[in-house]
Enquirer: 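For reference, the structure I am asking about is given below.
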2 protein chains.
Amino acid sequence: MTDETSFDDRAAESPILRRSLHDETVARLRDMIIDGRLAPGDRVNEGDVGRRLGVSRTPMREALKTLAAEGLIENVPGRGAVVRAFTRDDVFDMLEALKIIEQEAGRLACARASDADIASLRAVHDRMMQLYAVRSRLNYFKLNQDIHSGFARISGNATLLWAHESIQARMKRIRFVGNGSEDKWAAAVAEHEEMIVALEAHDGDALAEVIGRHIDRTWVRVQDALPERASAAPAEEPLAS
Amino acid sequence: MTDETSFDDRAAESPILRRSLHDETVARLRDMIIDGRLAPGDRVNEGDVGRRLGVSRTPMREALKTLAAEGLIENVPGRGAVVRAFTRDDVFDMLEALKIIEQEAGRLACARASDADIASLRAVHDRMMQLYAVRSRLNYFKLNQDIHSGFARISGNATLLWAHESIQARMKRIRFVGNGSEDKWAAAVAEHEEMIVALEAHDGDALAEVIGRHIDRTWVRVQDALPERASAAPAEEPLAS
DNA sequence: ATGCAACATGCTGTATGCAGCATACTTGAT
DNA sequence: ATCAAGTATGCTGCATACAGCATGTTGCAT
C-alpha cells in the first residue's frame, strides 16, 4: 500500500512554463494543506511558514490572500491566517454541489465533446485501471481528480470547469482521507468504467445517473472518516504511511 | 430614469461590522471594475490606483491577488494586474453555469426551504415590483442580484451559494450593461413573478423551467450589448446616464 | 487560592526601499 | 525615411522596517 511516499505532484507540471514565485508559493501551501502538514484549524504564522518555504512575508501574505479566496484558509482580522476546518455539513454541501456540476457537465460533454476528447478521458481511465491492478493507491488517487474534472473539461464550459476544480480542491484533503477499503475501491472502479461507457455512447442521462450514484457513495465513504462536528483531519497521517 | 448616480452599494452593508482595510479595498476595486472606472483590458497601476484609494502598494497588491482569485482581474507576470476582459464565449459559459446552479439550487430550495425563507424572497420580489413601478432601474438592478442568488441562499447549500455568487460577481458588469429595453424589462419582471409562485408552490420542476427560460433570455439580451470578440465594456457609461 | 490588572512578547498590518525587467524613446546608420 | 540598437524610464516583485494590537504571563490584592 505504500509504493509512494509524498503527495507532491509538482513534477507532473508542464516542464517549460516556469511559474511565478506567487503561483509556486500558493501551490506549495496548497499541498501542505492537502497532505496535512498544515492541519485544519492551524494558524499559519507568516514568518515561520515563509522561512520554511524560503520566501519573505510579503509574497507569503499574497499567497495566503489567494488561498483565502480559494476557500482553503480563512483570514481572521488581527489574527492572521487559519487553515479552514470543514464541518460534516460543509462536506455534504460540497459533494452535493460537485454532484450537480459534474452531472450537468457530463450531459454537456455527451452532447458536445469531440471523439478525441472522449478518447483522452478513456485513456486516463485505462491508466487508472492499470494502477488499480497493481493497487497503486496514491497514483490512482491523483488521476481520480483528473477524471472527475475531466467531464467538466470536455464539456467545453470553462466556468463549470473552474467551479468544479475550485470545489474539488477544497475536497481533496477529505477525499484523500476517505479513500476507503478494498471492496469500496473496486466498486468505485466499476462505476468509473460505467461512466466512460456512457460517455462513449453519448448517453447523457446514463452518465448523470452513474455520476450521481458514484458521488452518493463517496459521501457514505467519506462520512465514516469524518469526525462528528469538526474538520477533516484525524491527528495522524492517514494514508501515506 | 436617472434617479441614481452611483453604482456604489456600500451603504447597504451591515452598519456595525467594520470591515478590514483589505476587504474594503477589494470591495472598492470590485466596484470600480463593475461600474467601468476600470475598464476591461486596463492595466491597474499599483501606485496610481493605490493613491487614489488612499492605500499603499502592499495592501493594494494583496487586494489584487484576491481579485485575481475571484476572476475579475488577471495577474500577468512582470506586467502586473490587468482587468479581465471576457469574450462572448466566456459570457455564454458563465450564463450556462449560472443556469445550471440556479436551477438545481431552485429545486433544492423547493424541497427544503422554510416558509420564512420563501417569504423573505417574496419580500425582495415585492420590493422589486415597487421599484419597477417607478422605473427605478439601478435600485431594481441591485436587488436583482439578491433574488437570483436568493435561490442558492435558501437552498441551504453554502457551496452552491458560493459558486453562484462568485460567477455572478464576474457577470455583474455585463448584466449591468445589458439591462435592456422597456418591454424586455417587463418580461423579466413577469418571469420573476412566475419564479416566486413556483417556489411558494414548492414546484421544483416549474421553478427550474422558468429559471432556464429567464437565463436564456438574459443571454439573448446581453449578447446584443456584447462586442464581437472582446470584452463587455462599451466606452461610454451605458446606464447611469 | 483566586481573580484582576498591568506588563511583556510576538504577531499582524502597512509603508517604504531596492533590484530587476519590460517597454518606450532616442539616436544613428542604411 | 525607415529600421535597428542602445539607452532611459517606470513599473513590478520582493525584502525589510516600524507601528499597533492581541494574547499570554506575572505579580498583587482580596
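Lettering of chains follows the sequences in order, A, B, ..., and the numbering in each one begins at 1. Computation of the quantities below employed the complete heavy-atom set of this structure, encompassing side-chain atoms and omitting hydrogens, waters and symmetry-equivalent molecules.
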Enquirer: Quick check: closest heavy atoms across Ile211(A) and Glu102(A), and the distance to 0.1 Å?
Expert: CD1-O, 3.6 Å

Enquirer: Check every atom of dT12(C), dG17(C), dA15(D) against the side chain of Arg57(B) and return the nucleotide holding the closest atom.
Expert: dG17(C)

Enquirer: Any idea which heavy atoms bring Asn75(A) and Leu64(A) closest together, and the distance?
Expert: ND2-O, 4.0 Å

Enquirer: Indicate yes or no: does Arg153(B) engage Asp117(B) in a salt bridge with an N to O separation below 4.0 Å.
Expert: no

Enquirer: Quickly work out the Ile73(A) CD1 to dT12(C) C1' distance and round it to whole Å.
Expert: 13 Å

Enquirer: Which listed nucleotide (dT14(C), dC14(D), dT12(D)) is nearest to the side chain of Arg43(B)?
Expert: dT12(D)

Enquirer: Does Arg122(B) pair with Asp126(B) as a salt bridge, N-O distance under 4.0 Å?
Expert: yes

Enquirer: Let me know the distance between CG of Leu53(B) and P of dA15(C), rounded to the nearest Å.
Expert: 12 Å

Enquirer: Which nucleotide sits closest to the side chain of Asn45(B): dC11(D), dC11(C), dA15(D)?
Expert: dC11(D)

Enquirer: Is a donor-acceptor contact shorter than 3.5 angstrom present between the side chain of Arg79(A) and the base of dG13(C)?
Expert: no

Enquirer: Do any side-chain nitrogens or oxygens of Arg61(B) fall under 4.0 Å of OP1 or OP2 in dG13(D)?
Expert: yes

Enquirer: Please give, in whole Å, the distance from dC14(D) P to Glu24(A) CD?
Expert: 11 Å

Enquirer: Rounded to the nearest angstrom, tell me the gap between atom CG in Leu64(A) and atom P in dT12(C).
Expert: 9 Å

Enquirer: Please give, in whole Å, the distance from dG13(D) P to Asp23(A) CG?
Expert: 11 Å

Enquirer: For the pair made of CD in Glu62(A) and P in dT14(C), what is the distance, rounded to whole Å?
Expert: 13 Å

Enquirer: What is the distance, rounded to the nearest whole Å, between atom CD of Glu46(B) and atom C1' of dG17(C)?
Expert: 14 Å

Enquirer: Classify the side chain of Thr58(B) and the base of dT16(C) as holding, or not holding, a donor-acceptor pair under 3.5 Å.
Expert: yes

Enquirer: Check the distance between dC14(D)'s P and Lys65(B)'s NZ and give it to me in whole angstrom.
Expert: 8 Å

Enquirer: Whether Glu96(B) and Arg112(A) form a salt bridge (side-chain N of Lys/Arg under 4.0 Å from carboxylate O of Asp/Glu) is what I want to check.
Expert: yes

